[in-house]
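Written out below as structure tokens is the structure these notes cover.
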Amino acid sequence: MARQHENHREDVVGRANVEDTPELLAYYDELDQHHVGALWTVANKIEPWQPVSQSVPVVWRYQALRAQVLRSLELVTPEKAGRRVIYLNNPGRRDVSAAVGWLYAGLQVMNPGEIAHSHRHSASAIRFIMEGTGAYTVVDGHKMTLGANDFVLTPNGTWHEHAVAPEGSPCIWQDGLDIPFVNAMEANFFEVHPELSQAVTYPVDDMTKTWGNPGLMPSGGNWTKGYSPMFKYEWLRTYEALNQYASCSDGSPFDGVLMEYVNPATNGPVMRTLGASMQLLRPGEHTQAHRHTGSFLYHVAKGQGHSIINGKRYDWQERDIFCVPSWAWHEHVNASASDDACLFCLSDLPVMRALGLYREQAFGDNGGRQPVVG
Ligand code: GTQ
């Protein structure tokens with residue numbers, strides 16, 4: 001079949017602008033049989049002037065999702081499902097099961113006394129606790145107890161399993177992984193633990209007690225792995241840090257008071273492929289719009305407000321999740337005049353930065369406010 005490329009033509013010096021002729025169309029067909037193609041038929045498409053995201057902005061509203069997630073408790077067991085998760089399926093990224101860009105995310109739910117089989121994979125993961133008591137995660141023999149807004153890492157290659165203690169309550173948390181990215185790299189391996197469950201071989205919460213003390217490193221603590229030794233970042237300490245910083249700084253005009261979770265041994269990102277941050281928007285704060293490369297998945301940890309993404313308004317409240325695709329203009333607004341709002345954010349910034357792909361741009365016009373069309 002003759003290939004249509006006319007719609008990729010651009011009448012601009014340096015861009016492909018070849019009109020179809022019967023002879024060329026026949027030529028393209030012949031090339032195709034040799035598993036080759038003429039670059040000028042695809043050049044303008046595969047080298048856009050600027051990033052073209054397939055992802056669309058979405059708000060996943062917890063109010064609507066929560067009942068659906070709880071329903072899965074009655075429908076499948078973790079034994080049969082592997083993990084009982086309802087994943088976020090961006091309408092533009094269904095082919096790779098991504099929430100945005102190359103990031104996967106899902107809501108996992110567990111009843112007290114349930115335990116998911118221990119496994120490991122090439123994908124790296126984070127977990128952000130939404131509700132319930134008694135949740136814990138075991139990573140390479142380290143057990144982390146987890147409460148709301150705590151954030152735990154399960155870096156690539158580590159054995160990990162999730163469970164809820166028998167005396168706890170049903171727990172829901174957000175998983176975030178680089179599965180689509182690792183699959184795009186064609187580098188994903190998966191293994192189930194030979195004993196299905198791993199032994200806890202360290203004191204509970206030891207990694208946070210060892211590495212999570214601001215300004216202090218354990219003497220002789222040497223950690224050379226490519227991910228943070230502090231597997232759990234607690235909400236109370238995070239919130240306190242944000243308030244400390246907010247008390248003496250205006251923060252960023254684009255992000256408010258934003259702090260990145262770091263690997264305390266390097267001050268670099270928590271994992272090689274996934275970054276995370278928590279940002280505080282003061283009462284009434286309305287940030288200026290900007291855009292940058294990288295995919296961003298926001299989780300409303302506290303408060304309510306809205307974001308304007310590519311000129312459209314998206315309202316959010318506590319526990320909602322929303323995404324900002326790569327190179328999309330965005331600004332955030334805290335709707336409350338009296339309370340702060342906190343946004344947890346998972347991103348692929350470490351990849352963008354490490355590979356030299358990070359770029360940002362301020363929305364210069366109109367005092368940094370986008371015209372809102374919807
Ligand atoms: O717990 O490692 O939501 O491997 C999807 C795939 C969670 C996990 C998910 C996973 C995990």
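Every number for a ligand or one of its atoms is a count from 1 in the order of the listing. These figures come from a predicted structure and were not determined experimentally.
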- Query: Is the closest side-chain donor-acceptor distance between Y261 and S228 under 3.5 Å?
  - Reply: no
- Say whether T287 and D255, considering side chains only, have a donor N or O and an acceptor N or O under 3.5 Å apart. no
- Query: Near H162, which atoms of ligand 1 are under 4.0 Å from a heavy atom of that residue?
  - Reply: 1 (O)
- Which of the numbered atoms in ligand 1 are below 4.0 angstrom from a heavy atom of H119? 1 (O), 2 (O), 4 (O), 8 (C)
- Query: Does any donor atom in the side chain of S326 or S53 lie under 3.5 Å from an acceptor atom in the other side chain?
  - Reply: no
- Query: Is it the case that W316 and S307 place a side-chain donor and acceptor less than 3.5 Å from each other?
  - Reply: yes
- Query: Between Y104 and ligand 1, which part of the residue brings a heavy atom under 4.0 Å of the ligand: side chain, backbone, both or neither?
  - Reply: side chain
- Query: Which residue supplies the protein heavy atom nearest to atom 6 (C) of ligand 1, what is that atom called, and how far is it?
  - Reply: R83 NH1, 3.0 Å
- Task: Ignoring angles and geometry beyond distance, decide whether Q108 reaches within less than 3.5 Å of ligand 1 through its nitrogen or oxygen atoms.
- Result: no
- Which atoms of ligand 1 sit under 4.0 Å from any heavy atom of I179? 6 (C)
- Message: Using a 4.0 Å cut-off to any heavy atom of V85, which atoms of ligand 1 qualify?
- Response: 3 (O)
- Query: Within a strict 4.5 Å, meaning less than it, do heavy atoms of the W49 and E10 side chains meet?
  - Reply: yes
- Should you measure from each heavy atom of H160, which atoms of ligand 1 turn up under 4.0 Å away? 2 (O), 8 (C)
- Note on the structure: Taking only non-hydrogen atoms of R127 and a 4.0 Å limit, the atoms of ligand 1 in range are 1 (O)
- Message: With a cutoff of 4.0 Å, is T154 in contact with ligand 1, counting heavy atoms of the residue only?
- Response: no
- Donor on one side chain, acceptor on other, Q361 and R291, under 3.5 Å: yes
- To which protein heavy atom is atom 7 (C) of ligand 1 closest, and what is the distance rounded to 0.1 Å? D175 OD2, 3.2 Å
- Do S124 and R272 have side-chain atoms, one donor and one acceptor, less than 3.5 Å apart? no
- Task: May I have the step-by-step check of side-chain contact (heavy atoms from CB on, under 4.5 Å) for M271 and I126, ending in yes or no?
- Result: CA-CA 10 Å; M271 294 184 287; I126 67 107; 3.4 Å; yes
